[in-house]
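Structure first, then comments.
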Amino acid sequence: MRDSPPTDPPIVLLDFDAWANDQLFDACQPLSNEDLDRSFEMGLGTLRKTMTHMLGAMRGWTDVLIEADPPRPRLEHDPDRSVDDLRKLHETISPAFRLACFDGSHGDVLTPDRNGKTHKFSRGGIMMHVMTHSMHHRAQCLNMLRHLGREQPQSSVMHWMMAHPPQ
């Protein structure tokens with residue numbers, strides 16, 4: 001018997017985000033390099049750059065959550081990855097982010113340096129930022145796919161719930 005999907009909102013968001021990213025990678029898999037690199041006036045300009053940025057942000061914020069010193073280089077510095085490469089990165093980045101989100105209390109205050117300035121962020125706030133950031137950029141990718149005349153993957157929490165009904 002299959003376990004029921006989670007109902008705790010933070011876990012729902014994390015599971016949904018991983019699923020929605022997989023849906024996006026599936027939709028982008030058959031695209032040519034020309035389509036992946038076609039310039040649009042949205043997101044970071046191309047599907048490849050926008051997906052790379054989404055993963056780079058998740059990995060960067062994971063480094064904040066685990067207080068990595070020094071943090072890893074930004075993924076955006078090497079933006080020419082294939083969809084398979086991006087999917088493989090996602091398979092390591094997403095679980096690491098998830099673990100870091102729960103490695104303490106959501107109320108924990110972290111004080112990273114960003115661009116030479118120290119900020120205070122809560123662990124829960126970082127989690128919510130990364131999830132909404134990903135959703136924002138996935139929507140831009142869906143719009144790029146639409147402009148390419150491609151089918152857009154299911155990408156809402158409602159779609160995730162329908163694909164993962166409770167038992």
Side-chain angles (χ1 to χ4, degrees), residues 10 12-101 110 112-119 121 123-160 163:
V12 167
L13 277 174
L14 289 162
D15 284 2
F16 157 71
D17 184 73
W19 174 84
N21 285 339
D22 283 338
Q23 301 298 307
L24 178 60
F25 298 137
D26 288 347
C28 291
Q29 186 64 53
L31 297 177
S32 67
N33 283 326
E34 180 181 282
D35 285 343
L36 289 169
D37 297 323
R38 184 165 299 166
S39 184
F40 296 96
E41 291 186 19
M42 65 187 90
L44 275 82
T46 72
L47 279 162
R48 190 187 319 263
K49 286 180 183 176
T50 303
M51 290 186 295
T52 300
H53 171 71
M54 288 166 50
L55 293 175
M58 185 178 286
R59 190 172 88 165
W61 282 106
T62 300
D63 285 353
V64 170
L65 291 169
I66 65 172
E67 301 180 277
D69 189 24
R72 293 169 283 185
R74 295 290 301 191
L75 292 179
E76 292 87 342
H77 296 308
D78 182 16
D80 295 327
R81 292 177 175 86
S82 69
V83 174
D84 282 337
D85 292 339
L86 292 170
R87 187 188 302 272
K88 286 176 189 167
L89 279 170
H90 182 254
E91 289 169 359
T92 60
I93 292 170
S94 182
F97 177 72
R98 180 190 188 101
L99 284 174
C101 285
L110 298 120
D113 287 331
R114 291 182 59 85
N115 302 320
K117 186 175 179 186
T118 301
H119 298 275
F121 301 114
R123 183 176 304 279
I126 290 171
M127 185 176 111
M128 295 306 296
H129 166 67
V130 172
M131 296 295 94
T132 58
H133 177 265
S134 290
M135 185 173 284
H136 170 78
H137 285 300
R138 267 195 310 274
Q140 293 170 334
C141 289
L142 295 178
N143 199 6
M144 291 179 205
L145 286 168
R146 182 180 62 81
H147 282 285
L148 289 170
R150 299 295 182 136
E151 187 171 328
Q152 297 174 41
Q154 295 181 338
S155 64
S156 71
V157 175
M158 178 64 75
H159 289 126
W160 176 83

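Every heavy atom of this structure was used, including side-chain atoms; hydrogens, water molecules and symmetry mates were not.
Shown here are the salt bridge (Lys or Arg N to Asp or Glu O under 4.0 Å) partners of Asp22, two or more places apart in sequence or in another chain: there are none.
One finds a salt bridge joining Arg38 and Glu34 here, because a Lys/Arg side-chain nitrogen approaches an Asp/Glu carboxylate oxygen to under 4.0 Å. For the pair Asp85 and Lys88, the salt-bridge criterion is not met [side-chain N within less than 4.0 Å of a carboxylate O].
Formation of a donor-acceptor pair under 3.5 Å by the Arg81 side chain with backbone atoms of Leu75 is found in this model.
Here OG1 of Thr52 is found 12.5 Å from NE2 of His77. Values are rounded to the nearest 0.5 Å. Distance check, rounded to the nearest 0.5 Å: OG of Ser82 to CG of Leu36 gives 9.0 Å.
A 4.5 Å side-chain heavy-atom check between Leu145 and Leu24 finds at least one atom pair inside the cut-off. Using a 4.5 Å heavy-atom threshold, the side chains of Phe16 and Met135 count as touching. Looking at heavy atoms from C-beta onward, Thr50 lies out of side-chain contact with Met42 at the 4.5 angstrom threshold. At least one side-chain heavy atom of Asp17 sits under 4.5 Å from a side-chain heavy atom of Arg138.
His159 and Ser156 form a side-chain donor-acceptor contact under 3.5 Å, judged by distance and modelled atom types alone.
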Is there a ring pair (Phe, Tyr, Trp, His ring centres under 6.0 Å) between His136 and His129 once you walk through the steps?
CA-CA 10 Å; His136 170 78; His129 166 67; over 10 Å; no

Stepwise, does the side chain to side chain contact (heavy atoms under 4.5 Å, CB included) test hold for Asn143 with Gln152?
CA-CA 8 Å; Asn143 199 6; Gln152 297 174 41; over 6 Å; no

